[in-house]
Amino acid sequence: MKKVVSLVLALILCSVCFLATTSCQKNDNKLIVGYTIYEPMNYLDENNELVGFDTELAKAVAAKLGMEIEFQKIEWSNKYLELEAGTINCIWNGFTSNCADDDGVQRSDKVDFSYAYMNNEQCVVVQSKDLATLNSAAALADKKGAAEKGSAGEGVAKDYIDNTDVNYFGKDSQAAAMMELNAGTVDFIVIDKTMAKAMVGSGSYANLAIVEDIEIESEVYSIGFKKGSELTEKVNGALKELAEDGTMMELAQKYGLENYVITDLK
């Protein structure tokens with residue numbers, strides 16, 4: 001009887017180990033993308049399906065690597081925590097790689113970055129009626145401004161405002177910052193120009209305009225991975241193939257980003 005019980009326990013133990021191993025292998029073969037809603041990179045279409053340049057490029061990369069893909073919506077200010085916790089294994093959402101965060105630490109010191117695959121810059125957006133007066137950084141000093149918490153735009157917005165404790169409002173997403181400006185609760189926002197070009201001046205945001213007279217230093221987008229991740233090299237290889245076979249440019253043209261995409265990856 002003891003032998004039978006021992007055999008059963010051994011079989012159960014083997015089964016548990018097998019399932020655990022299979023689960024780990026499955027997780028190791030899954031690309032879990034951390035994103036926020038940000039048109040034209042990752043956003044919901046009229047059918048409530050996630051689309052966008054980054055969404056489709058991530059799917060193409062996963063297919064190249066033979067990996068499953070999962071998209072995990074995050075709060076941008078928590079992106080590093082999500083990556084460290086393993087709830088995502090990459091940050092892929094118009095992630096500026098050539099800048100520092102508010103703490104002064106370069107983002108490249110916090111994560112491993114893929115090749116830079118897109119050019120971008122921050123821009124100031126105001127209501128069209130204010131375009132003639134809010135047309136310089138100095139004019140924004142005593143105004144109310146907003147940007148996405150933890151974004152490159154947040155640093156820019158704070159630099160423009162004299163009293164940030166009172167006049168700066170950090171939002172959970174760039175889309176939320178646009179809604180604040182549209183409602184008139186802030187005077188200006190700082191968001192990615194790729195997003196502004198796609199949304200400002202039409203539809204629900206017809207009354208908003210980009211302040212072209214305020215020029216902000218250009219930046220690049222890359223994909224962020226946990227330090228030491230093997231995914232960085234793998235994704236770089238897939239990106240290079242997709243750049244060389246024309247897929248990246250086709251996606252860029254589809255989303256109006258052909259003037260921003262970088263196809264000479266290195």
Side-chain angles (χ1 to χ4, degrees), residues 30-64 67-83 85 87-96 114 117-118 120 122-123 125 146-154 169-183 185-186 189-210 221-224 235 239 242 247-261:
K30 181 182 285 187
L31 187 64
I32 308 174
V33 175
Y35 78 98
T36 64
I37 295 297
Y38 163 21
E39 188 175 350
M41 310 308 282
N42 309 83
Y43 64 100
L44 300 175
D45 66 9
E46 60 276 9
N47 298 315
N48 208 38
E49 292 184 5
L50 189 65
V51 296
F53 178 84
D54 273 352
T55 301
E56 291 204 42
L57 184 58
K59 288 179 179 179
V61 164
K64 278 276 185 189
M67 298 180 72
E68 295 180 57
I69 190 164
E70 177 183 322
F71 292 91
Q72 179 68 47
K73 189 176 179 181
I74 62 172
E75 285 191 16
W76 194 245
S77 57
N78 292 334
K79 56 187 176 292
Y80 300 121
L81 294 175
E82 298 276 7
L83 193 62
T87 52
I88 59 174
N89 53 26
C90 67
I91 304 166
W92 197 334
N93 185 228
F95 189 14
T96 302
S114 71
Y117 64 91
M118 186 165 289
N120 183 51
Q122 300 298 314
C123 67
V125 178
E148 182 180 44
K149 289 183 288 188
S151 70
E154 181 172 61
F169 300 88
K171 307 306 296 182
D172 288 337
S173 68
Q174 295 190 94
M178 288 187 68
M179 290 173 67
E180 292 285 350
L181 180 61
N182 213 30
T185 51
V186 297
I189 59 174
V190 182
I191 62 173
D192 288 18
K193 200 163 193 176
T194 48
M195 181 180 191
K197 287 285 189 182
M199 301 182 71
V200 166
S202 61
S204 300
Y205 301 105
N207 64 319
L208 305 185
I210 298 171
Y221 287 162
S222 303
I223 308 150
V235 169
L239 283 174
L242 292 167
T247 300
M248 283 182 63
M249 181 55 73
E250 287 178 13
L251 290 176
Q253 290 169 341
K254 178 178 179 178
Y255 290 100
L257 297 168
E258 60 271 22
N259 294 327
Y260 295 93
V261 70

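- Between Glu148 and Ile191 the shortest side-chain heavy-atom distance does not fall below 4.5 Å.
- Rounding to the nearest 0.5 Å gives a distance of 10.0 Å between CE of Met67 and NZ of Lys30.
- Listed by chain and residue number, Glu56 satisfy the side-chain hydrogen bond (donor to acceptor under 3.5 Å, both in side chains) test with Lys254 (two or more places apart in sequence, or in another chain).
- Nearest approach of Leu83 to Cys90, heavy atoms of both residues: CD1-N, 3.7 Å.
- Taking 4.5 Å as the limit, every side-chain heavy atom of Leu81 sits out of range of all side-chain heavy atoms of Thr87.
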Could you walk me through whether Thr55 and Tyr35 pass the side-chain hydrogen bond (donor to acceptor under 3.5 Å, both in side chains) test, one step at a time?
CA-CA 9 Å; Thr55 301; Tyr35 78 98; over 6 Å; no
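- Contact annotation: the side chain of Met41 approaches that of Leu257 to within less than 4.5 Å [non-hydrogen atoms, C-beta and beyond].
- With contacts defined as side-chain heavy-atom distances shorter than 4.5 Å, the pair Tyr260/Lys197 qualifies.
- Side chain of Asn182 to main chain of Ser204: a donor-acceptor pair is present (N/O by atom type, distance under 3.5 Å, no hydrogens or angles).
- In the displayed structure, Met179 atom CE is contacted under 6.0 Å by at most 12 heavy atoms of other residues, nucleotides or ligands.
- Side chains of Val51 and Leu44 form no contact here, defined as non-hydrogen atoms less than 4.5 Å apart.
- For residues 169-178, the pairs satisfying salt bridge (Lys or Arg N to Asp or Glu O under 4.0 Å) are Lys149-Asp172, Lys171-Glu180, with sequence neighbours left out.
- Atom-to-atom distance recorded for Met118:CE and Leu57:CG is 8.0 Å, nearest 0.5 angstrom.
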Could you give me the CA-CA distance, side-chain angles and deciding distance for Tyr221 and Thr96, then say whether side-chain contact (heavy atoms from CB on, under 4.5 Å) is met?
CA-CA 5 Å; Tyr221 287 162; Thr96 302; 3.9 Å; yes
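- A pairwise comparison of heavy atoms in Gln122 and Asp192 identifies NE2-OD1, 2.7 Å as the closest pair.
- Between Ile32 and Asn89 the shortest heavy-atom distance is N-OD1, 2.8 Å.
- Under the 3.5 Å distance criterion, the side-chain polar atoms of Asn78 are left unmatched by any main-chain donor or acceptor of Glu82.
- For the pair Asp45 (side chain) and Asn47 (backbone), a donor-acceptor distance under 3.5 Å is present.
- Closest heavy-atom contact between Gly170 and Glu154: CA-OE2, 4.3 Å.
- Side-chain atoms of Ser173 and Ile37, non-hydrogen and from C-beta on, never get closer than 4.5 Å to each other.
- Across Phe95 and Trp76, no two heavy atoms sit closer than the pair CD1-CZ2, 3.6 Å.
- The CD atom of Gln72 sits 8.0 Å away from atom CD1 of Ile88, with the distance rounded to the nearest 0.5 Å.
- Between Asn42 and Trp92, every side-chain heavy-atom pair lies at or beyond the 4.5 Å cut-off.
- Annotation: the span from Ser151 atom OG to Asn93 atom CG amounts to 11.0 Å, rounded to 0.5 Å.
- Of the inter-residue distances, the one linking Tyr43 atom OH with Thr36 atom OG1 reads 14.0 Å to the nearest 0.5 angstrom.
- If you take CE on Met178 and CE on Met199, they are separated by 4.5 Å, rounding to the nearest 0.5 Å.
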When you look at Tyr255 and Asp54, which way does the side-chain hydrogen bond (donor to acceptor under 3.5 Å, both in side chains) test go after all the steps?
CA-CA 10 Å; Tyr255 290 100; Asp54 273 352; over 6 Å; no
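- A heavy-atom distance below 4.5 Å is not found between the side chains of Thr194 and Phe53.
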Using the rule given for side-chain contact (heavy atoms from CB on, under 4.5 Å), can you reason through Tyr205 versus Val125, listing the C-alpha separation, both sets of side-chain angles and the distance that settles it, and then say yes or no?
CA-CA 11 Å; Tyr205 301 105; Val125 178; over 6 Å; no
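- Residues passing the side-chain contact (heavy atoms from CB on, under 4.5 Å) test with Asn259: none are found, sequence neighbours excluded.
- Taking every heavy atom of both residues into account, Val186 and Leu181 meet most closely at O-CD1, 3.5 Å.
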